Amino acid sequence: MTTQLFPPDFLWGAATAAYQIEGAATEDGRGRSIWDTFSHTPGRTVNGDHGDVACDHYHRLTDDVRLMAELGLKSYRFSLAWPRIQPAGSGRVNQAGLDFYRRLADELLEAGILPWGTLYHWDLPQQLEDAGGWPARDTAARFADYAQLTVDALGDRITNWTTFNEPWCSSFLGYGSGVHAPGVQDGGASVRAAHHLLLGHGLALQAVRASTPEVNLGITLNLYAMAPASDSAGDADAARRIDGLANRFFLDPVLRGEYPADVVEDLAAVSDFAHLQDGDLATVNQPLDFLGINYYSRHVVAAPLPGAVAEPSCWPGSETVRFTKRTGVPVTDMDWEIDAPGLVETLRGVAENYPPVPLYVTENGAAFVDKLVDGEVDDPERVDYFDQHLRACHAAIEAGVPLKGYFAWSLMDNFEWSWGYTKRFGMVHVDYETQTRTPKTSARWYADVIRRNGLAAQ
Ligand code: GBH
């Protein structure tokens with residue numbers, strides 16, 4: 001293949017999230033979040049791992065920004081921990097929390113790196129969970145307040161903001177299957193949670209635009225390519241259902257102001273949608289400056305087996321759909337199929353089926369079993385994963401998709417939620433005993449890509 005150059009202003013970045021890297025869980029007035037509670041509850045995470053220390057980024061931000069500068073990153077996507085800024089989730093503001101992110105933004109800007117803030121990457125203040133969490137409508141209004149005060153305070157330095165990272169995960173893993181905090185298993189609650197996350201997004205955009213109109217605002221959705229396991233009608237219906245819950249249940253309200261009718265029907269036994277009030281969907285459907293897409297893999301699904309029994313699931317109403325694997329398709333250490341053409345499909349699907357909006361890949365990456373040998377980590381599979389997916393991005397741009405940037409997940413190894421520290425997604429290796437950072441082969445490869453503004457001939 002020939003050299004593939006990207007548009008001159010293409011934004012090359014890497015991403016992280018607060019609870020996955022910061023540590024300092026009880027310092028400088030930070031409040032407790034649902035992930036503190038969850039990860040300290042026996043049996044919830046592998047090895048009982050938690051984010052108390054994580055990558056200790058809170059104390060190492062200067063070193064970490066230097067590392068980013070060495071990589072030549074044009075942008076860095078991070079999340080702000082709501083409980084650092086508003087320890088109780090409402091009311092009193094903790095200035096030390098805002099100061100930390102102000103310092104991070106300043107150091108990034110000084111290094112020529114554009115800071116990209118995510119207001120919510122899953123760490124709801126525990127007190128708001130105690131008051132009902134995302135299934136409660138009031139949480140949406142609390143989020144809008146927090147968004148407004150945070151962007152008011154930092155919008156002079158951080159000019160690109162996303163409201164939520166992956167509301168699908170917060171709703172359906174948090175309140176459906178319960179594999180994420182707060183660990184609830186209740187289909188109806190998960191559907192209400194999704195609605196209030198979407199509503200919180202819309203309310204936040206209205207509030208922020210009213211007080212800090214000059215910033216760019218968007219949301220990040222995790223989207224999956226989809227395929228039926230066979231061409232049977234039953235498998236096609238399974239693919240329609242899972243595409244509905246994973247992708248369209250979030251894309252349609254955000255970009256069109258409506259819930260997909262077929263998904264509402266699939267959910268009939270789970271939710272009567274009595275939580276949906278007049279005007280809500282118009283609120284959700286605010287104009288976006290950009291849409292962030294996190295892409296990892298494809299779901300290949302099949303019709304339920306006869307007599308299958310529904311169990312608590314992140315696919316409410318479609319609990320018995322079977323998730324299958326194609327033979328011969330390589331997988332990552334998460335056991336996710338590597339499917340770069342699925343990224344082209346996903347980007348084109350959004351660009352061709354929804355009103356136009358600038359797109360960013362806000363996460364894409366892979367976990368592999370990395371080994372530190374003589375102070376080096378050689379990770380050719382990760383290089384290959386990034387290479388294939390960046391070729392997919394290039395193909396999408398050539399097909400007319402308005403893709404403006406790409407953030408690799410992740411800058412460094414970190415706390416992989418319920419998998420704890422057992423899964424490594426970083427371009428930079430982290431030794432959790434010594435906190436030593438070691439750029440892997442993929443980090444050097446990515447630095448070359450950025451310098452070249454594209455992929456070398458193969
Ligand atoms: C992203 O989620 C997240 O934004 C990021 O924080 C995370 O580190 C990254 O992906 C890598 O996972 O195996 O049943 O426990 C992508 C969506 C969230 C889907 C976690 C799979 C694990 C469910 N993923 N989820 S389970």
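Remember, predicted model here, so these are calculated numbers, not experimental data. Counting convention: from 1, in listed order, for ligands and their atoms alike.
- Comparing heavy-atom distances from atom 7 (C) of ligand 1 across Glu416, His121, Met334, Glu166 singles out Glu416 as nearest.
- Among Asp335, Val179, Asn165, Asn364, the residue whose heavy atom sits closest to atom 14 (O) of ligand 1 is Val179.
- In this pair, Phe78 and Tyr101 present their aromatic rings parallel. The plane angle is below 30°, not in the 30 to 60° band.
- The aromatic ring centres of Tyr296 and Trp409 sit 6.0 Å or more apart.
- Taking the six-membered ring where tryptophan is involved, the planes of Tyr19 and Trp35 are tilted, since the angle between them lies from 30° to 60°.
- Among protein heavy atoms, the minimum distance from atom 18 (C) of ligand 1 is reached at Cys169 SG, 3.8 Å.
- Heavy atoms of Ser418 found under 4.0 angstrom from ligand 1 belong exclusively to the side chain.
- Below 3.5 Å of separation, one finds an N or O of Gln20 facing an N or O of ligand 1.
- At least one side-chain heavy atom of Leu154 sits under 4.5 Å from a side-chain heavy atom of Arg102.
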*Show your reasoning for whether salt bridge (charged side-chain N to carboxylate O under 4.0 Å, His left out) applies to Arg30 and Asp36.*
CA-CA 11 Å; Arg30 176 184 176 282; Asp36 296 302; 3.0 Å; yes

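- Residue nearest to atom 24 (N) of ligand 1, selected from Trp419, Trp417, Trp336: Trp336 (by heavy-atom distance).
- Regarding atom 3 (C) of ligand 1, its nearest protein heavy-atom neighbour is Glu363 OE1, 3.3 Å.
- Looking from atom 25 (N) of ligand 1 to the surrounding protein, the closest heavy atom is Leu173 CD1, 3.9 Å.
- Atom 19 (C) of ligand 1 has as its closest protein heavy atom Tyr224 OH, 3.5 Å.
- Closest heavy-atom approach to atom 10 (O) of ligand 1 within the set Trp409, Tyr296, Trp168: this belongs to Tyr296.
- Ring geometry, Phe425 versus Trp336: the interplanar angle falls from 30° to 60°, so the pair is classed tilted.
- Near His180, with a cut-off below 4.0 Å to any heavy atom, the atoms of ligand 1 are 20 (C).
- Proximity of the aromatic rings of Phe323 and His299 is defined here by a centroid distance below 6.0 angstrom, and this criterion is met.
- None of Trp315, Phe249, Trp122 except one satisfies the ring-ring contact (aromatic ring centres under 6.0 Å, His included) rule with Trp168; the exception is Trp315.
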